[in-house]
Amino acid sequence: MKLISLVIPCYNEESGVGLLYKTVLEALRPLEGKAQLEFRFVDDGSHDSTLDAIKALRVMDERVHYCSFSRNFGKEAAMLAGMESAKGDYVVVMDADLQEPPDLIPKMFDMLEEGGCDCVATCRKSRSRKGLFRNSGARLFYWLMSRMTEIELQEGARDFRMMNRAYLQSVLALKESNRFSKGIFAWVGHRVKWLTFDYEERQSGETKWSFGKLCRYALEGITSFSTVPLTASFGLGVATCLFAAVMCIKTIIKTLFFHEPVPGYTTIFVCLTFFSGLQFIMLGVMGLYISKIYKEVKRRPPYVIQEEN
Ligand code: UDP
Ligand code: MG
């Protein structure tokens, strides 16, 4: 019999954990006799009683395993910890907030059992009502990623997926500490099949994604998988020099042949501020990459465990 591990990162999900547990058991009833189940809850340094809720489940059910971080390390780290500890032949990553339907799990299981793929991933059909600003931001992000990187991100792809051991090994083989899972899942390749589902509104609690956090996440994704911004600064520099050369020739001709007095202040002021702004932007881009190198070379562990069963 196959063992399925459910990896569930939880951050302040005290109201969601119990409901999730019940719903998952209900949804996985069709797999009785075909597969066994284990839960791998990762408490990502929650400030509420998420850990107590998980422990209460553990008392009732031996299949519930958990670990708790010493502070909030982020979903990426929590997913990594769960995937590293998972013992299953098949490993599912899913959110604790039931926005992703667990009823898809039996279907994923059957698809993996049939063979012909190493991972069944999901992507949502409808964009949630996040507002025009966020939606166009997301669209811009996917467009930039497809232009700037070798990997192809599926728009609307979720982390919710079931993978076999081969796929999981490949994901865990990427040891970088700046983990951008959407990119990592796409980067490892393998044979992936997609399921689409209708996106549910959150059942309880609230989302941890502010607009600022989303922007940082997008930057993280681009700088993790592309060096185009670095090389783009080279192109921009060349273009700026060409522009300056043209302006220079134009000014010389005007003064020498037409004896026009050089109209000064405004042009110089605008050019100076514009180009020094440009230089700062480019320095910032370099800074982004240097800060990444800095984080990587320190080789800090991606998370610290406070408690586990
Ligand atoms: N999460 C986490 N650490 C964090 C933020 C979120 O482990 O710092 C978990 C959270 O508990 C949930 C999942 O990651 O199970 C997705 O979070 P959320 O629902 O806020 O994101 P969204 O569904 O909006 O992408
Ligand atoms: Mg969610």
Side-chain angles (χ1 to χ4, degrees), residues 5-21 23-24 39-54 57 64-86 91-102 104-105 121-131 133-135 137-138 141-142 153-161 177-185 197-218 220-221 302-308:
S5 302
L6 292 176
V7 170
I8 306 157
C10 309
Y11 179 51
N12 296 343
E13 302 279 4
E14 59 178 3
S15 49
V17 171
L19 184 64
L20 174 94
Y21 173 80
T23 320
V24 165
F39 289 87
R40 293 274 166 188
F41 285 100
V42 182
D43 167 35
D44 186 10
S46 302
H47 299 296
D48 60 4
S49 54
T50 301
L51 184 58
D52 296 332
I54 299 171
L57 295 178
V64 173
H65 303 268
Y66 63 86
C67 70
S68 176
F69 288 174
S70 57
R71 64 170 172 81
N72 181 238
F73 281 89
K75 187 189 172 187
E76 296 289 341
M79 275 168 35
L80 179 68
M83 289 192 291
E84 281 177 346
S85 65
V91 176
V92 177
V93 177
M94 69 185 301
D95 289 357
D97 56 15
L98 284 175
Q99 277 176 301
E100 302 150 337
L104 284 183
I105 296 175
T122 60
C123 109
R124 60 180 177 211
K125 232 182 277 171
S126 48
R127 228 169 220 306
S128 63
R129 277 164 268 135
K130 280 183 187 163
F133 205 45
R134 282 193 173 203
N135 282 348
F141 168 69
Y142 284 108
L153 289 189
Q154 178 99 9
E155 190 164 351
R158 304 285 307 172
D159 293 329
F160 179 41
R161 57 186 63 220
S177 47
N178 298 291
R179 292 188 81 81
F180 180 72
S181 283
K182 269 192 206 321
I184 290 176
F185 287 141
F197 66 92
D198 276 318
Y199 197 60
E200 298 281 334
E201 290 303 320
R202 236 175 186 283
Q203 298 291 309
S204 60
E206 55 187 46
T207 181
K208 283 102 202 168
W209 289 97
S210 63
F211 187 69
K213 258 193 172 177
L214 280 174
C215 290
R216 250 174 287 146
Y217 185 69
E220 179 75 39
Y303 53 83
V304 175
I305 289 180
Q306 172 88 44
E307 190 182 339
E308 61 189 326

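Ligands are counted one by one from 1 in listed order, and the atoms in each one are counted from 1 as well. Each residue takes its place number in the sequence, starting with 1.
Taking backbone and side-chain atoms together, Asp97 has an N/O/S atom less than 2.8 Å away from the Mg ion (ligand 2).
Using a 4.0 Å heavy-atom cutoff, Met79 is absent from the residues neighbouring ligand 1.
Listed by number with element, the atoms of ligand 1 under 4.0 Å from a non-hydrogen atom of Glu13 are 10 (C), 11 (O), 12 (C), 15 (O). Of all atoms in ligand 1, numbered sequentially from 1 with element shown, those under 4.0 Å from a heavy atom of Arg158 are 23 (O), 25 (O). Of all atoms in ligand 1, numbered sequentially from 1 with element shown, those under 4.0 Å from a heavy atom of Pro9 are 7 (O), 9 (C), 10 (C), 11 (O), 12 (C), 15 (O). With ligand atoms numbered from 1 in the order given, ligand 1 contributes 19 (O), 23 (O) to contacts under 4.0 Å with heavy atoms of Gln99. Listed by atom number, the atoms of ligand 1 under 4.0 Å from Cys10 heavy atoms are 7 (O), 11 (O).
Here the straight-line distance linking atom CZ of Phe39 with atom CD1 of Ile54 works out to 11.5 Å at 0.5 Å rounding. Of the inter-residue distances, the one linking Asp97 atom CG with Leu19 atom CG reads 10.5 Å to the nearest 0.5 angstrom.
Between Tyr217 and Lys182 there is a side-chain heavy-atom pair separated by less than 4.5 Å. Between Thr122 and Glu100, every side-chain heavy-atom pair lies at or beyond the 4.5 Å cut-off.
Taking all heavy atoms of Asp95, Asn72, Asp44, Val93 into account, the minimum distance to atom 13 (C) of ligand 1 is reached by Asp95.
In terms of the side-chain contact (heavy atoms from CB on, under 4.5 Å) criterion, residue partners of Ala78 (sequence neighbours excluded) are, by chain and number, Pro9, Val42, Asp44, Phe69. Under the side-chain contact (heavy atoms from CB on, under 4.5 Å) criterion, Ser85 pairs with Arg40, not counting sequence neighbours.
A donor-acceptor pair shorter than 3.5 Å cannot be found between the side chains of Glu13 and Thr50.
At under 3.5 Å, a nitrogen or oxygen of Ala96, whether backbone or side chain, sits near a nitrogen or oxygen of ligand 1.
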